[in-house]
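Read the structure below first, then the notes.
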Amino acid sequence: MESQRLPKHHKQETCLAKFRDPSRWHVDIDTFLNRYIPTPPWRNLPRPVSHFLGYRGGHHPQAIGNLLIAFWSLIGAFCGVLVVAEVCMHVPSFQSHHAPIIVGSFGAAAVLEFCAIESPFSQPRNAVLSQLIASVIGVGIGKLFALNPHAHALPQVGGALSCGLTIAVMVLTNTVHPPAGATSLLAVTDLYEVGWYLVPIMLLGCVLMQAVALVINNIQRRFPVYWWTPVLLSHPAPEDVEKGHEKEGSCVPTASEDDGYSRTSVRIIIEEGKVIMPDNVWITADEMECLERISERI
């Protein structure tokens, strides 16, 4: 028995190797959250309604030229920024707390929401939750620094700390949205007098801009690509899984005992002149066009 034991130095090297393994320094919050998130009910809604919620029933819009992208980006950004500014200007409680005409980070958000609409940074989860996180952290850091006169005189330090904390939380919650970094910075440096009212201001603005994006972007394109995650949230019925094999077109989450992460198997069917895809699969228009070209060659 003694001869089978590993030497002490070998055990230490093994522990150090595990400690240095970059893949072990990863926490995916969706592994725990997705099991509680229901499947989007868009397919059960009337087609005109589900269309403007990004549902296409497995069909994806064709790629469009940059001239059309520029046109719809112009229309969308103009409408989105104008709606947010007009509504916020007519909320008395916002104006009584020194709220600006519009928070500057909404300009950066407009680029994502109306131009780079296929980016993960543009999807509703990232766009809304990130701004909530940024405003709460930014205002909280500003209030904390205000408790000390010396710290209150250093807004640049508070702003840097707020921005850094916001980025870290967004990474851990899979809600990265670049404009939120500007929000957390402005909350400490330029919008300190707004106080906690910055939270409802940002939430209202995000909801309004998302509403405009759903209308403008779904006229000729598709938005959002997904609402919560690009991974399918549907869970198969027990009869759909037989001896570990999935039926055609179903997605079966399977857990790995090695790393503890759940993996989802997605089946994309390419037939002559037709591409059949499960709903809620994250795929760009260019990728869909590539699959359609393959189907035409069969």
Side-chain angles (χ1 to χ4, degrees), residues 49 52-53 73-115 117 121-149 151-156 158-163 165-167 169-170 173 175 177-218 223-224 227:
V49 177
F52 282 94
L53 292 173
S73 299
L74 167 63
I75 300 299
F78 173 79
C79 295
V81 173
L82 182 62
V83 167
V84 173
E86 284 289 340
V87 172
C88 291
M89 286 177 60
H90 289 83
V91 178
S93 59
F94 290 177
Q95 298 307 310
S96 63
H97 285 80
H98 312 285
I101 297 176
I102 186 172
V103 178
S105 58
F106 280 117
V111 178
L112 292 172
E113 302 303 324
F114 301 103
C115 179
I117 64 175
F121 302 152
S122 308
Q123 308 313 310
R125 173 188 180 182
N126 298 61
V128 177
L129 294 184
S130 65
Q131 295 288 20
L132 173 62
I133 293 170
S135 55
V136 170
I137 292 179
V139 175
I141 293 295
K143 295 292 184 182
L144 183 63
F145 271 54
L147 298 177
N148 188 313
H152 190 54
L154 299 172
Q156 67 275 18
L161 177 61
S162 174
C163 185
L165 285 175
T166 298
I167 294 174
V169 174
M170 287 193 298
T173 56
T175 57
H177 185 64
T183 300
S184 63
L185 183 61
L186 291 171
V188 181
T189 57
D190 294 338
L191 301 176
Y192 174 76
E193 294 184 356
V194 179
W196 290 110
Y197 266 81
L198 181 63
V199 177
I201 289 173
M202 296 308 301
L203 285 180
L204 177 60
C206 288
V207 171
L208 292 173
M209 186 162 287
Q210 286 291 305
V212 176
L214 289 174
V215 175
I216 300 297
N217 292 339
N218 282 302
F223 179 84
W227 283 80

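Owing to the predicted nature of the structure, the values given are computational and were not obtained by experimental measurement. We're numbering straight along the sequence, starting at 1.
By the ring pair (Phe, Tyr, Trp, His ring centres under 6.0 Å) test, F121 pairs with no residue at all, sequence neighbours left out. In this structure W196 satisfies the ring pair (Phe, Tyr, Trp, His ring centres under 6.0 Å) test with no other residue, sequence neighbours excluded. In terms of the side-chain contact (heavy atoms from CB on, under 4.5 Å) criterion, residue partners of A182 (sequence neighbours excluded) are, by chain and number, S105. Residues satisfying the ring pair (Phe, Tyr, Trp, His ring centres under 6.0 Å) test with H98, not counting sequence neighbours, are none. Residues meeting the side-chain contact (heavy atoms from CB on, under 4.5 Å) test with I167, sequence neighbours left out: C163, M170, V171. Take L154 and apply the side-chain contact (heavy atoms from CB on, under 4.5 Å) test, not counting sequence neighbours, and it matches Q156, V157.
Here CD of Q123 is found 10.0 Å from CG of L112. Values are rounded to the nearest 0.5 Å. Here the CD1-CZ distance, from I117 to F223, works out to 7.0 Å after rounding to the nearest 0.5 Å. Atoms CG and CG, from L185 and D190 in turn, are 7.5 Å apart once rounded to the nearest 0.5 Å.
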All N/O donor-acceptor pairs, side-chain side in residues 200-217, below 3.5 Å, sequence neighbours left out:
{"from": "Q210", "atom 1": "NE2", "to": "E113", "atom 2": "OE1", "distance (Å)": "2.8"}
{"from": "N217", "atom 1": "OD1", "to": "R221", "atom 2": "NH2", "distance (Å)": "3.1"}
{"from": "N217", "atom 1": "ND2", "to": "E113", "atom 2": "O", "distance (Å)": "2.6"}
{"from": "N217", "atom 1": "ND2", "to": "A213", "atom 2": "O", "distance (Å)": "3.3"}

Which atom pairs, donor and acceptor, lie under 3.5 Å between side-chain atoms of residues 86-96 and protein residues at least two apart or in another chain?
{"from": "H90", "atom 1": "ND1", "to": "E86", "atom 2": "O", "distance (Å)": "2.7"}
{"from": "Q95", "atom 1": "NE2", "to": "C88", "atom 2": "O", "distance (Å)": "3.1"}
{"from": "S96", "atom 1": "OG", "to": "P92", "atom 2": "O", "distance (Å)": "3.3"}
{"from": "S96", "atom 1": "OG", "to": "S93", "atom 2": "O", "distance (Å)": "2.8"}

Name every donor-acceptor pair, under 3.5 Å, that has one atom in a side chain of residues 128-147 and the other anywhere in the protein, sequence neighbours excluded.
{"from": "S130", "atom 1": "OG", "to": "N126", "atom 2": "O", "distance (Å)": "2.4"}
{"from": "Q131", "atom 1": "OE1", "to": "T183", "atom 2": "OG1", "distance (Å)": "2.7"}
{"from": "S135", "atom 1": "OG", "to": "Q131", "atom 2": "O", "distance (Å)": "2.9"}
{"from": "S135", "atom 1": "OG", "to": "L132", "atom 2": "O", "distance (Å)": "3.0"}

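When every heavy atom of V81 is checked against every heavy atom of A110, the shortest pair comes out as CG2-CB, 4.1 Å. Scanning both residues, A187 and L198, for their nearest heavy atoms gives CB-CD2, 3.5 Å. Taking every heavy atom of both residues into account, A127 and S122 meet most closely at CB-O, 4.3 Å. For the pair G158 and V188, the tightest heavy-atom approach, listed with the atom from each and the gap, is C-CG1, 3.6 Å.
S184 is not listed as a side-chain neighbour of L165, based on a closest heavy-atom distance of 4.5 Å or more.
Counting only residues at least two apart or in different chains, salt bridge (Lys or Arg N to Asp or Glu O under 4.0 Å) contacts with residues 92-107 are absent. Screening residues 199-209 for salt bridge (Lys or Arg N to Asp or Glu O under 4.0 Å), with sequence neighbours left out, gives no hits.
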### Task
Starting from the C-alpha separation in whole Å, work towards a yes-or-no answer on side-chain contact (heavy atoms from CB on, under 4.5 Å) for W227 and L53.
CA-CA 9 Å; W227 283 80; L53 292 173; 3.9 Å; yes
